[in-house]
Enquirer: 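Here it is, the structure, as structure tokens.
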Amino acid sequence: MTVSRALTIAGSDSGGGAGIQADLKTFQELGVFGMTAITAVTAQNTLGVQGVYPLTIEALKTQIDSVAVDLQPNAVKTGMLFNAEMIQLVAERIRYYNWENIIVDPVMIAKGGQSLLQEEAVEALITSLMPLAKVITPNIPEAEVLTGMKIQTFEQKKEAAKKLFDLGATFVMIKGGHDPNGEVVIDLLYDGQRFDTFEGVRKETKHTHGTGCTFAAAITAEMSKGKSVREAVKTAKAFIQAAIEDQLGIGGGHGPTNHWAFKKNNITTV
Ligand SMILES: Nc1ncnc2c1ncn2[C@@H]1O[C@H](COP(=O)(O)OP(=O)(O)O)[C@@H](O)[C@H]1O
Ligand SMILES: Cc1ncc(COP(=O)(O)O)c(N)n1
């Protein structure tokens, strides 16, 4: 039996809806063996972030190396990387191990507004990590920071995708969750030549904590199985749609999505 393996390099979310926890749950639901390298521990719930406790660079490096030398991931996702030093280290380790299936979710700010990445680290993200990525998955505010442009229309989203592509990733996925309200939510994929859109019915809900992490983790899981980027995004879109629609309704604020909805509802995509 071939076991598909995925590594997530990200922050821990004690509330279980985003970060490492969302990634591992998503990997598991999609039949992929999940591994982790933790950058920072956050004390977090649906109401906000109560504390951020970064690990040392050495702790991060040792976790990555432990996984790499023995378990060999087929795909690697990055999430909250906290500071420039951690970004440089992750980029250096990716190059060292010649990892190719890299999914970079450029996490910057939690839904409650708290910063998960130091401002001065954005430059390192752009220059060191983006060029190594097979797919980058910014939401609209992140795409605005990375490109320096406002994104309000679909044409602007396409223009931003082109600018982001020029930073070196093979595929750019700009997620549509932050679009001004409409009945559909449109995610835009660009590979330097062709635009593809992935649409879902917009659910009116405040329970969207961890949607971005979960979506990128599902892409990572499918890519670890050898699926193409387009196939992986298609499955990830169905996974996140189910997780948002079949809501759990827990916590007093922005609640988590339902990571087991996709499997429970026997959703298949091809
Ligand atoms: N209210 C919603 N209804 C349906 N899909 C949504 C909703 N909000 C976000 N999504 C989807 O969830 C995924 C994550 O998007 P987004 O919320 O933009 O990312 P992030 O969590 O990084 O801010 C995307 O596939 C997006 O289309
Ligand atoms: C540790 C950690 N990582 C990432 C996010 C972003 O969450 P979202 O997917 O909602 O943007 C978070 N809130 N906490």
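Everything numeric in this text was worked out from a predicted model, so none of it was measured. Note that ligands are numbered from 1 as they come in the structure, with each ligand's atoms numbered from 1 the same way.
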Enquirer: Is any N or O atom of Q44, backbone or side chain, closer than 3.5 Å to an N or O atom of ligand 2?
Expert: yes

Enquirer: Could K175 and F215 be counted as a cation-pi pair, given that NZ or CZ must be under 6.0 Å from the ring centre and within 45° of the axis?
Expert: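 Negative - K175 is either too far from the ring of F215 or too far off its axis.
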
Enquirer: Specify side chain, backbone, both or neither for C213, according to which of its non-hydrogen atoms lie closer than 4.0 Å to ligand 2.
Expert: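 Near ligand 2, C213 shows its backbone as well as its side chain.
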
Enquirer: Any nitrogen or oxygen of V107, main chain or side chain, under 3.5 Å from a nitrogen or oxygen of ligand 2?
Expert: no

Enquirer: Could you tell me which atoms of ligand 1, counted from 1 in the order shown, lie closer than 4.0 angstrom to a heavy atom of K237?
Expert: 25 (O), 26 (C), 27 (O)

Enquirer: Any idea which part of I140 is under 4.0 Å from ligand 1, heavy-atom wise: side chain, backbone, both or neither?
Expert: neither

Enquirer: Does G210, backbone or side chain, put an N or O under 3.5 Å from an N or O of ligand 1?
Expert: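 No, G210 has no N/O under 3.5 Å of an N/O on ligand 1.
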
Enquirer: Mark the output for A10 as yes if a heavy-atom distance to ligand 2 is under 4.0 Å, and as no if none is.
Expert: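 Checking ligand 2 against A10, which is what was asked, there is no heavy-atom contact under 4.0 Å.
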
Enquirer: Any idea which part of L116 is under 4.0 Å from ligand 2, heavy-atom wise: side chain, backbone, both or neither?
Expert: side chain

Enquirer: Work out whether the distance between some heavy atom of V201 and some atom of ligand 1 is less than 4.0 Å.
Expert: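 The answer is yes, since V201 has a heavy atom less than 4.0 Å from ligand 1.
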
Enquirer: With only distance considered, is H178 within less than 3.5 Å of ligand 1 through an N or O on each side?
Expert: yes

Enquirer: Counting from 1, what ligand 1 atoms have a heavy atom of D187 closer than 4.0 Å?
Expert: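 The atoms of ligand 1 under 4.0 Å from a heavy atom of D187 are 24 (C), 25 (O), 26 (C), 27 (O).
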
Enquirer: How close do T220 and A6 get, heavy atom to heavy atom, and via which atoms?
Expert: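 Of all heavy-atom pairs spanning T220 and A6, the closest is CG2-CB, 4.2 Å.
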
